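Worksheet: one structure, shown below.
Just the heavy atoms: all of them, side chains too, but no hydrogens, waters or symmetry mates, feed the values below. Everything quoted here is computed from the prediction, not taken from an experiment. To find a chain, count down the sequence lines: A is the first, B the second, and so on, and within it residues start at 1.
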Amino acid sequence: MDYKVLADLIFPDAKEISYYEEKYPARNLPEGAYVTRFAPSPTGFIHVGGLFGGIIDKKLAKQTGGKFILRIEDTDQKREIENGIFQIVNGLKGFEVIPDEGAISEDEESGEYGPYKQSERKDIYQAYAKSLIQKGLAYPCFCSPEELEEIRGKQEQAKVRPGYYGVWAKCRNIPLEEKIKRIQNGEKYVIRLKSAGREDRRVEHKDCIKGKIEFPENDQDAIIIKGDGLPPYHFAHPVDDHLMRVTHVIRGDEWLPSLPLHLELFRALEFKLPKFAHTATIMKDDDGNKRKISKRKDPEAAVSYYHEQGILAESVTEYLLNVANSNFEPWRRGNPDKSVDEFDFQLNKMNVSGAVFDMVKLLDVSKTIISKLSAEEIYNKTLEWANYYDEELKKLLEDNREYGIRVLNIERGNVKPRKDIAKWIDVKDIIIYMYDDKFAGNTEYEFQKVNDKEEISNIVNTYMEKYFDLADSKEEWFNKIKDLAEELGYSREVKAYKQEPEKFKGHVGDVSTVLRVVVTGRSNTPDLYEIMQVLGKDSIKERINLFFK
RNA sequence: GGCCCGUUGGUCAAGGGGUUAAGACACCGCCCUUUCACGGCGGAAUCAUGGGUUCGAAUCCCGUACGGGUCACCA
């Protein structure tokens, strides 16, 4: 009796593996092309760490003329959530991480190397598991969870490594006949690898990011087919990446400890080894301590956060790209208008240890990107955001598109555009005082140095009577403010005041601040001349009346 | 605890035997300036630690400390 009988008994319907080898032939791609894959489980929203990996996968495939695959790792059906695939696909799409092949929606996919949902690849995994059983490299294990628990307890007591290996691998040496009998009797079982590894031997591995690493060999008889007939990650990974002809496995470095197992599996299955790149985890500063950024504690860990805040996907991408390859930033400075696609990304430039996620820096990237946008683009994007998150803002913008654009165009489009918007959620506060209806209820005025009501009215009234004219150019306008200042006993220039403060009540800036505050309610705003131009005569007069009411 | 990986300013980091140890964000100061931003100039601030190798160490080797990851019929 040989292993074939056992293999046929366990997987009677499995195809020969040669069938799959032919069905999924080597890809016809240019020399040096990367085939990468992002393989999340449909357990919820995408995590920034996942996005980070996805961006790298996509970038590398694109810049080498390769393929980027989206594979769904749904072999753990307990953890799956409804709409999981939709969330992944949609989440990635928002960041332009669009796969060349793989899952498209809950039940659609594209590409010749599918299915791309692991739950639909059961037959394939079983065929390969069968081949291992046939070669005597895998066997059925009848241990129940309780027995496994018991073994672990003993191991803890004996202070030895936990796991299913060596003498602890009870089912490994059950005679073939007995195995067959027990299966025929309907006993439950899983399939385990019969590890050929030894803990006292070392395996070497050259990682694209981490460089040379050494481990003890794997000697665990890991499960390759679970009780439900599906494989765990460790077995799905070699089978899928081999059959999908993946050249570069890029994944988080939390996988490093199981690499010896994967290496053994690739060898046992006689697969060509892909290149591995283990990326460092994105961390979070938690009161001076570093820890893995977490879905539970950190809202910014969820990709949906950026949509909610109105942070441009582009900003997140550029920030993350810079974390991945820190030479991105100098490149961007040198090539401010080039597409990210032109940046030459290098795996080996990635840092080996985890970077702390820096929201302040991300927001700075975002400000710079937004500062290059036209008022119209900002208008459109803000409105799009407001559509989801801010009814009031949406209405404000929609009611008068032209006015909205004029407001957003203040101090924009010139050589040194404003850099004051980092996220769309900020926009409302920046523009709201430009809307008469909203300003009508204003009661707070942030006056600075000149606070006396009589003096304020003196400045405002004199201005309106003698100097107010919207037809003025900016220069004329400002000269008039200076004339006004002088007339009322303020210096025309700030410098003059600073040199001899006792000679003046204040300086031209104090005067313009009064006008600014009466018109806008605020002491800090963009250029007052432009604001007045946009508001127009009636609005300005109305605002002045409002102040004196 | 075992196994693996790491440690350059507050953060991201360049640098791989000889450097005044880049740059960016943040911070501080000055300048520009009608306010705020922007921009310009400048400043403070880093090689975890102890040994070795070497004429010379951030860089190579060993130890220590600290940080992180991982030890499932999860991925």
Side-chain angles (χ1 to χ4, degrees), chain A residues 39-41 43 73-76 78-79 118 141 143-145 148 152 156 159-164 188-192 199 207 210-211 213-216 220 222-228 230-234 236-237 251-260 278 280-281 283 285 288-292 319 322-323 326-327 329-330 332-333 349 351-365 367 371 411 414-421 430 446 448 477-478 481-482 485 492-495 507-517 520 522-529:
Chain A
S41 343
T43 54
E73 310 236 320
D74 58 348
T75 56
D76 184 10
K78 296 176 293 262
R79 299 204 313 159
Q118 291 183 331
C141 163
C143 291
S144 65
L148 259 20
R152 231 191 41 184
E156 251 169 59
K159 291 193 172 158
V160 296
R161 278 159 48 231
Y164 207 82
K188 295 233 182 300
Y189 60 90
V190 298
I191 308 297
R192 308 189 91 114
E199 211 230 353
D207 193 82
K210 307 275 181 187
I213 325 174
E214 254 191 43
F215 304 88
Q220 300 275 342
I223 291 174
I224 59 172
I225 299 289
K226 300 183 288 180
D228 63 4
L230 283 167
Y233 175 87
H234 300 302
H237 148 56
R251 67 203 338 181
D253 61 7
E254 68 270 18
W255 289 109
L256 229 30
S258 46
L259 187 63
H278 289 92
T281 317
M283 309 298 281
D285 181 298
N289 297 312
K290 269 193 192 184
R291 43 150 250 257
K292 200 170 165 176
Y319 171 72
N322 190 245
V323 169
S326 66
N327 56 321
E329 201 173 303
R332 172 48 89 210
R333 229 175 306 130
K349 281 190 180 144
N351 215 283
V352 282
S353 55
V356 171
F357 189 85
D358 187 347
M359 184 58 88
V360 177
K361 176 117 183 177
L362 193 166
L363 258 19
D364 181 72
V365 171
K367 277 185 195 166
S371 74
E411 280 192 74
N414 46 14
V415 208
K416 291 196 302 185
R418 288 194 79 76
K419 233 174 118 173
D420 51 356
I421 304 173
I430 291 175
E446 308 169 343
Q448 302 286 300
W477 173 83
F478 191 46
I481 301 286
K482 286 181 176 177
R492 290 183 73 88
E493 310 290 343
V494 179
K495 262 189 191 140
H507 57 75
V508 62
D510 299 323
V511 173
S512 72
T513 294
V514 166
L515 295 175
R516 183 188 311 279
V517 176
T520 67
R522 304 189 183 187
S523 55
N524 299 336
T525 74
D527 182 57
L528 183 56
Y529 172 75

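- Taking atom C1' on both B/C41 and B/C5, the two are 43 Å apart, rounded to the nearest angstrom.
- At a threshold of 4.0 angstrom between heavy atoms, the contacts of A/P330 with the nucleic acid are absent.
- At least one side-chain nitrogen or oxygen of A/K495 sits closer than 4.0 Å to the OP1 or OP2 atom of B/C32.
- Between A/I223 and A/I191, every side-chain heavy-atom pair lies at or beyond the 4.5 Å cut-off.
- When each of A/A355 and A/C141 is assigned the nucleotide of RNA chain B with its nearest heavy atom, A/A355 is the one assigned upstream, toward the 5' end.
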- request: Output, in order, the C-alpha distance, side-chain angles, deciding distance and verdict of side-chain contact (heavy atoms from CB on, under 4.5 Å) for A/R332 and A/N322.
  value: CA-CA 10 Å; A/R332 172 48 89 210; A/N322 190 245; over 6 Å; no
task: Could you check A/L256 against A/K210 for side-chain contact (heavy atoms from CB on, under 4.5 Å), going step by step and ending with a plain yes or no?
output: CA-CA 10 Å; A/L256 229 30; A/K210 307 275 181 187; 4.0 Å; yes
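- Across all strands shown, A/F357 has no heavy atoms under 4.0 Å from either base or sugar-phosphate atoms.
- One can place OH of A/Y319 at 12 Å from C1' of B/A26, the figure rounded to the nearest angstrom.
- Applying the 4.0 Å criterion to OP1 and OP2 of B/G39, one finds that A/K419 has a side-chain N or O inside that range.
- You'll find that the side chain of A/P257 is closest to B/U70, out of B/G67, B/A75, B/U70.
- With values rounded to the nearest 0.5 angstrom, A/H234 atom NE2 is found 10.0 Å from A/Q220 atom CD.
- Between the CZ atom of A/F478 and the C1' atom of B/U33 there is a distance of 9 Å, rounded to whole Å.
- Contact of A/K416 with B/C38 (side chain to base): a donor-acceptor pair of N or O atoms is detected under 3.5 Å.
- In this entry the distance linking CG of A/N524 with C1' of B/U34 reads 12 Å, nearest Å.
- Taking atom CG on A/N322 and atom C1' on B/U11, their separation rounds to 12 Å, with Å as the unit.
- Rounded to the nearest Å, the gap between the C1' atom of B/U20 and that of B/C28 is 22 Å.
- Taking the P atoms as reference points, B/C62 lies 40 Å from B/G43, given to the whole Å.
- As judged by a 4.0 angstrom heavy-atom cut-off over every strand, A/S523 is placed among the base-contacting residues.
- Among the heavy atoms of the strands lying under 4.0 Å from A/K292 are primed sugar atoms or P, OP1, OP2 only; no base atom is included.
- Taking a pair as Watson-Crick or G-U with both hydrogen-bonding distances under 3.5 Å, the stems of three or more pairs touching RNA chain B are B:1-7 with B:65-71, B:10-12 with B:23-25, B:27-31 with B:39-43, B:48-52 with B:60-64.
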task: Take A/V494 and A/V508, measure what side-chain contact (heavy atoms from CB on, under 4.5 Å) needs, and give me the verdict at the end.
output: CA-CA 6 Å; A/V494 179; A/V508 62; 4.3 Å; yes
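- Between B/A24, B/A75, B/C73, one nucleotide has an atom nearer to the side chain of A/T75 than all others, and that is B/A75.
- Atoms NZ and CG, from A/K78 and A/D76 in turn, are 4.5 Å apart once rounded to the nearest 0.5 Å.
- Comparing the C1' positions of B/A24 and B/G9 gives an interatomic distance of 13 Å, to the nearest angstrom.
- Side-chain proximity of A/R152 to B/A24, B/C12, B/A72: nearest is B/A72.
- The nucleotide whose nearest atom lies closest to any side-chain atom of A/P145 is, among B/A75, B/U34, B/C73, B/C73.
- Between the P atom of B/G2 and the CZ atom of A/F215 lies a distance of 17 Å, rounded to the nearest Å.
- The base of B/U35 has none of its N or O atoms less than 3.5 Å from a complementary donor or acceptor on the side chain of A/R522.
- Residue A/R161 places no side-chain atom within donor-acceptor reach of the base of B/C3, judged by atom type and a 3.5 Å distance cut-off alone.
- In this structure, a donor-acceptor pair under 3.5 Å is present between the side chains of A/T525 and A/R516.
- Rounded to an integer number of Å, the gap from A/D207 CG to B/G69 C1' is 14 Å.
- What you find for A/S371 and A/K419 is that their closest heavy atoms are CB-CG, 3.7 Å.
- Which of B/C74, B/C36, B/C12 sits closest to the side chain of A/R418 comes down to B/C36.
- A/T525 comes within 4.0 angstrom of a base, heavy atoms only.
- When the side-chain nitrogen and oxygen atoms of A/K78 are compared with OP1 and OP2 of B/C73, none of them lie within a distance under 4.0 Å.
- A/R492 and A/H507 share no side-chain donor-acceptor pair at under 3.5 Å.
- You won't find any donor-acceptor pair under 3.5 Å spanning the side chain of A/T513 and the base of B/U35, going by distance alone.
- When the C1' atom of B/C73 is taken as reference, atom CZ of A/R192 falls 8 Å away, rounded to whole Å.
- Taking atom C1' on both B/A45 and B/G10, the two are 9 Å apart, rounded to the nearest angstrom.
- Using a 4.0 Å heavy-atom distance criterion, A/P526 is classed as a base contact.
- For the P atoms, the distance from B/G6 to B/C61 is 11 Å, rounded to whole Å.
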- request: Let me see the working for A/F357 and A/L362 under side-chain contact (heavy atoms from CB on, under 4.5 Å), right down to the final yes or no.
  value: CA-CA 9 Å; A/F357 189 85; A/L362 193 166; 3.6 Å; yes
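- Within the 4.0 Å cut-off from OP1 or OP2 of B/G10, not a single side-chain nitrogen or oxygen of A/K361 is found.
- A/Y164 places no side-chain N or O within 3.5 Å of a backbone atom of A/L148 that could act as its donor or acceptor partner.
- Interatomic distance, A/D74 CG to A/T43 OG1, rounded to the nearest 0.5 Å: 11.0 Å.
- Comparing B/G2 with B/U54, their C1' atoms are spaced 37 Å from each other, to the whole Å.
- Put simply, the side chain of A/E73 does not reach to within 4.5 Å of the side chain of A/H237, judged on heavy atoms.
- Nearest-nucleotide mapping onto RNA chain B: of A/L362 and A/D76, the residue sitting toward the 5' end is A/L362.
- A side-chain donor-acceptor contact under 3.5 Å links A/T281 and A/D253.
- For the C1' atoms, the distance from B/A65 to B/G23 is 31 Å, rounded to whole Å.
- No engagement by A/V160 is indicated, since no non-hydrogen atom pair under 4.0 Å with the nucleic acid exists.
- Among B/G68, B/U35, B/A75, the nucleotide with an atom closest to any side-chain atom of A/E411 is B/U35.
- At the heavy-atom level, A/V360 lies under 4.0 Å from the strands shown only through sugar-phosphate atoms.
- Taking the syn range as angles within 90° of 0, the glycosidic angle of B/G16 is syn.
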For nucleotides 5-9 of chain B, list the nitrogen or oxygen atoms of the protein found under 3.5 Å from its nitrogen or oxygen atoms, one pair per line.
from: B/G6; atom 1: O2'; to: A/S353; atom 2: OG; distance (Å): 3.4

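- Nucleotide B/C27 holds its C1' atom 14 Å from the CG atom of A/D364, rounded to whole Å.
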